[in-house]
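A short worksheet on the structure shown next.
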Amino acid sequence: MGERRVIGWAARDTTGLLSSYSFNLRKTGPEDVVIKVLYCGIDHTDLHQMRNEIHSTNYPLVPGHEVVGEVEELGSEVKKFRVGDKVGVGCIIGSCGKCSSCKSNNEHYCADRIFTTGGTYPDGAPTHGGFSSTMVVHQAFVVRMPNKLAPEQAAPLLCGGVTAYSPLKQFTKGYSNEDVLRVGILGLGGVGHLGVIIAKAMGHHVTVISSSSKKKEEALEHLGADSYLVSSDSTEMEAAAGSLDYILDTVPAHHNIKAYLSLLKVEGRLVIVGASPQPLQFIASDLILGKKTIGGSFIGSIEETEELLEFWAEKGLKTMIEVVKTDYVNKAFERMERNDVRYRFVLDVAGSNLH
């Protein structure tokens with residue numbers, strides 16, 4: 001199958017503003033899946049990439065790495081999918097397939113991973129994401145959607161959801177089913193709200209940690225968190241010292257992690273999943289004196305993504321989303337930046353006029 005011309009929306013410079021953009025899809029290989037894009041989640045990392053804030057961006061950049069679509073065509077060697085299947089694509093669309101990470105279902109940590117947007121194919125051509133009408137993706141990086149899961153509901157799970165699910169799943173290792181882990185979710189944005197839902201569905205005791213009390217009602221009554229901690233309130237912070245087994249840090253901006261280390265029990269862990277563009281700081285003694293650990297986690301594997309989709313459908317969970325069209329996408333990014341969304345925008349690509 002040869003090249004085809006498609007329409008997307010792209011950023012052309014560091015302003016990050018998106019506008020209509022026409023480009024050629026790469027040629028379809030024998031193991032490729034041609035996907036008609038239906039919906040695409042809008043993620044904070046898209047904004048960082050559009051503005052060239054986290055690594056060198058090659059413009060024009062077509063963002064979008066929480067892609068839900070429908071299979072239109074199949075390469076001759078694709079056996080996993082059929083035309084008409086609902087499928088998803090997350091943050092990466094390629095890896096070397098040979099290294100220890102790839103061979104242990106950790107392909108997202110492969111040094112040669114290819115990012116869905118802002119990445120580069122082996123031949124040097126740029127990758128383009130889900131803010132476009134059509135994508136071509138190798139079958140190994142395409143996941144099947146459970147029938148019970150609405151496509152617009154699934155989109156945020158393909159990055160934000162699995163970013164929370166992967167470390168939360170790791171937290172449970174070494175504990176019995178009777179153990180109730182006390183988990184703090186730092187930040188109640190796109191990833192944070194999914195973390196609360198997932199952690200509660202796993203049976204954890206969940207504390208939402210936020211800089212103000214404005215989201216307290218939402219956290220406790222709508223998302224089902226067990227407690228709410230205002231980090232700017234020194235009295236509350238002192239009372240909560242040493243109370244948490246783990247903290248999932250979802251904040252994608254600069255913040256003071258020293259304050260949150262005091263909340264951990266001895267041998268507690270703070271896991272960072274929010275990509276702050278600025279350095280974060282801590283004092284070594286805050287770790288040493290409590291045998292505490294700071295770590296990081298990057299999205300999740302294809303296997304974990306499929307696990308999460310099945311988990312979400314089986315539990316009957318719901319993402320909290322606002323669906324918008326492409327003519328609103330720049331406004332959506334403005335609102336997301338000022339935290340004016342509960343909790344995730346999803347772009348209705350198939351229902352939009354991309355021109």
Applying salt bridge (Lys or Arg N to Asp or Glu O under 4.0 Å) to E303 and not counting sequence neighbours gives none

Salt bridge (Lys or Arg N to Asp or Glu O under 4.0 Å) filter on K291, not counting sequence neighbours, yields E267

Residue pairs meeting salt bridge (Lys or Arg N to Asp or Glu O under 4.0 Å), one or both in residues 102-120, sequence neighbours left out, come to none

Residue pairs passing the ring-ring contact (aromatic ring centres under 6.0 Å, His included) test with at least one member in residues 214-260, sequence neighbours excluded, are F171-Y246

Across all chains, not counting sequence neighbours, the side-chain contact (heavy atoms from CB on, under 4.5 Å) partners of D286 are K258, L261, I283

Note: with side-chain heavy atoms under 4.5 Å as the link, the other cluster members for L38 come out as Y39, I321, V323, V346

Would you call D123-R26 a salt bridge at under 4.0 Å N-O?
no

K292 meets the salt bridge (Lys or Arg N to Asp or Glu O under 4.0 Å) criterion, sequence neighbours left out, with none

By side-chain contact (heavy atoms from CB on, under 4.5 Å), S20 pairs with (sequence neighbours left out) I7, W9

K169 meets the salt bridge (Lys or Arg N to Asp or Glu O under 4.0 Å) criterion, sequence neighbours left out, with E307

In short, side-chain hydrogen bond (donor to acceptor under 3.5 Å, both in side chains) pairs touching residues 343-355 with sequence neighbours left out are D43-R344, E66-R344, E218-Y343

side-chain hydrogen bond (donor to acceptor under 3.5 Å, both in side chains) pairs touching residues 321-330, sequence neighbours excluded, are E322-R335, Y328-R335

Going by an N to O cut-off under 4.0 Å, is there a salt bridge joining K80 and E306? yes

Residues pairing under salt bridge (Lys or Arg N to Asp or Glu O under 4.0 Å) where one sits in residues 233-246, two or more places apart or in two chains, turn out to be D245-K265

Parallel, tilted or perpendicular: which describes the rings of H138 and F141, with under 30° parallel and over 60° perpendicular?
perpendicular

